[in-house]
Amino acid sequence: MKDVTQQLSNSATQQPKPAKRLANIELSLIRQINALATPLSVNLGIGEPNVEPDETLREFAVRAAATGSWHYTANPGNVSLRKLIAGENGFDPKSEVCVTAGTEEALFSIFQAYVDPGDEVLVPNPGFLAYATLARIAGATPVAYELEPGSAGVPPAVEHDFARDGGRDTRAPRAAEWCVDVDALLRKITPKTKLIVVNSPSNPLGSVIDGETLQRIANAGPLVVSDEVYREIWYDAPPPSMLGMSGNVIVVGGMSKSHAMTGLRLGWVLAREAVMKPIVTAHQYIATCASAFSQSLAESILSDADWNRSWLERIRAQFRTQREAALFSIERELDATIPPPAGAFYAFVPVPACDTVTFAKTLATDAAVLVIPGVAFGSLGEGFVRISYAASIEDIGAGIERIGRWLRAAGR
Ligand SMILES: Cc1ncc(COP(=O)(O)O)c(C=O)c1O
């Protein structure tokens, strides 16, 4: 009896062992860089809109709080909201739309519904870091497909002693139009490939994939997850959607980026009924349902089509101005010309430092500016940093100027 009590008390003081599925999974580099922020830092590492709700949006929120239900909704969300999300796209609100606690939960539900240990998941490199992690959590192997800088080409990364030469590198900055080599992607499909993940507009590249390429991926055979969370943030033309391209396409989206609602956790999945069923089952055991408040708010927003159109136009105009400010400073301070991002609010910028993790951490502590090392998004991101221009014009100018000043002081 004494032994058992002793064992119980020993195990209570020991550090509990995390599940094997979390082995080698840590908080993302983005979180690690953000942890270095001080009150003096200029934050160009941020992945959310620098947009505040206007009066109408606040009124919608007040109405949702005052009149909306505080109870569970149906697992896939209120049908009235699902109707608005389905729109005129030919998806059945009852069985082909599921409202989720943000796009992230939508992705998690899909991976839990479809990915088994031993499967392979094709993920973009560079690409949003959650995809590979979600594959690993499900016991699968992420297999990277490359996004290649088009015409200009990227000089190969070179071994580089950051401490010795302060980040100097002889590689010339270059313009890089990132695109998917779809033939190379198709060659990576094996009998083990369960999912192909596509993200357009891309985090971290700001690039958009053309409709023809998307259709070829849709026709490839495996299930395709199209992450369209940045779909409403575009500059010259609306990005093509994969919605309806094939019965095996699952589209995810949400209101985090389009309506600056990152904290309200409102996303969705659109898929054909047979594909959707297991996703709703997984979603039930993860979240039960998305927040009833956020669902009511989303319903008010999507019901007022005129207001919504003008809101989206306004935030696109704001990001367009911020994009111009970022491109101007990047050229002037960092001596780099990049093609204007077609969507989202990120510039993926070549920098004369190969070890961009050390570079970004040094910038955070020595120059008080936060950017995300490109390698956080995959091996092909090495040699780049992601600069978010979801920041005020002043911060964009000051932050990029600090990077330039630091590089010049380091002898570039
Ligand atoms: C490409 C991409 N997908 C999904 C998400 C998650 O968005 P949400 O806030 O809707 O969960 C993000 C957030 O940064 C993202 O960049």
Side-chain angles (χ1 to χ4, degrees), residues 27-31 33-34 43-51 77 81 85 98-112 121-135 137 142 147 178 180 195-209 214 224-234 239 241-242 250-270 279 283 286-287 290-291 294-295 297-298 301 315 319 341-348 370-372 374 376-378 381 386-391:
L27 285 182
S28 71
L29 260 174
I30 298 184
R31 294 271 165 197
I33 297 290
N34 281 327
N43 195 344
L44 302 181
I46 209 129
E48 59 179 328
N50 61 324
V51 175
L81 173 59
I85 293 168
C98 178
V99 186
T100 56
T103 313
E104 190 71 41
E105 197 252 314
L107 292 166
F108 195 75
S109 299
I110 294 164
F111 276 70
Q112 289 302 303
V121 178
L122 290 184
V123 299
N125 177 14
F128 182 51
L129 42 102
Y131 308 137
T133 307
L134 292 175
I137 291 174
L147 281 114
W178 297 85
V180 178
L195 289 180
I196 304 174
V197 184
V198 176
N199 174 217
S200 173
S202 156
N203 173 12
L205 304 172
S207 55
V208 162
I209 305 177
L214 292 175
V224 179
V225 180
S226 181
D227 181 346
E228 302 184 2
V229 73
Y230 293 99
R231 175 131 196 269
E232 296 292 0
I233 301 179
W234 49 267
S241 168
M242 289 193 88
I250 306 167
V251 170
V252 299
M255 298 188 110
S256 284
K257 316 292 176 175
S258 57
H259 293 78
M261 280 170 48
T262 47
L264 297 184
R265 316 307 304 129
L266 199 288
W268 53 75
V269 183
L270 288 139
I279 300 172
H283 160 73
I286 297 166
S291 146
S294 300
Q295 290 191 52
L297 173 57
I301 291 171
I315 70 154
F319 284 126
F345 37 69
Y346 305 112
F348 209 57
L370 305 183
V371 295
I372 306 301
F377 305 97
R386 188 194 77 178
I387 294 180
S388 163
Y389 50 86

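Atoms within each ligand, like the ligands themselves, are counted from 1 in listed order.
Side-chain atoms of Ser258 and Glu232 include no donor-acceptor pair closer than 3.5 Å.
The shortest heavy-atom contact between Ala344 and Pro201 is N-CB, 3.9 Å. Closest approach of Asp227 and Val252 over heavy atoms only: CA-CG2, 3.5 Å. Closest approach of Leu266 to Ala290, counting heavy atoms only: CD2-CB, 4.4 Å.
When each atom of ligand 1 is checked for a heavy atom of Tyr131 under 4.0 Å away, the hits are 1 (C). Heavy-atom contacts of Gly102 reach the following atoms of ligand 1: 10 (O), 11 (O) (cutoff under 4.0 Å).
Residue contacts with ligand 1 leave out Thr262, since none of its heavy atoms falls under 4.0 Å from the ligand. Between Ser256 and ligand 1 there is a heavy-atom distance shorter than 4.0 Å. Ligand 1 is approached by Arg265 to a heavy-atom distance shorter than 4.0 Å. At a 4.0 Å cut-off, not a single heavy atom of Met255 sits close enough to ligand 1 to count as contact.
In terms of polar-atom proximity, defined here as any N/O pair under 3.5 Å, Tyr346 makes no such contact with ligand 1.
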Is there a side-chain contact (heavy atoms from CB on, under 4.5 Å) between Val208 and Trp234? Walk through the geometry before answering. CA-CA 9 Å; Val208 162; Trp234 49 267; 6.0 Å; no
Could you walk me through whether Tyr230 and Tyr346 pass the ring pair (Phe, Tyr, Trp, His ring centres under 6.0 Å) check? CA-CA 11 Å; Tyr230 293 99; Tyr346 305 112; 5.7 Å; yes
Might you work through the side-chain contact (heavy atoms from CB on, under 4.5 Å) test for Phe111 and Val197, ending with a clear yes or no? CA-CA 11 Å; Phe111 276 70; Val197 184; 4.0 Å; yes
Test Ile46 against Leu370 for side-chain contact (heavy atoms from CB on, under 4.5 Å), laying out the working first. CA-CA 8 Å; Ile46 209 129; Leu370 305 183; over 6 Å; no
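Distances from atom 6 (C) of ligand 1 to the heavy atoms of Glu104, Met261, Glu48 show the closest one on Glu104. Taking each of Ile30, Thr103, Thr100, Asn199 in turn, the one with a heavy atom nearest to atom 10 (O) of ligand 1 proves to be Thr103.
Annotation: atom 12 (C) of ligand 1 to nearest protein heavy atom, Phe128 CZ, 3.4 Å. Nearest non-hydrogen protein atom to atom 1 (C) of ligand 1 is Asp227 OD2, 3.4 Å. With hydrogens left out, the protein atom closest to atom 14 (O) of ligand 1 is Lys257 NZ, 2.7 Å, a heavy atom.
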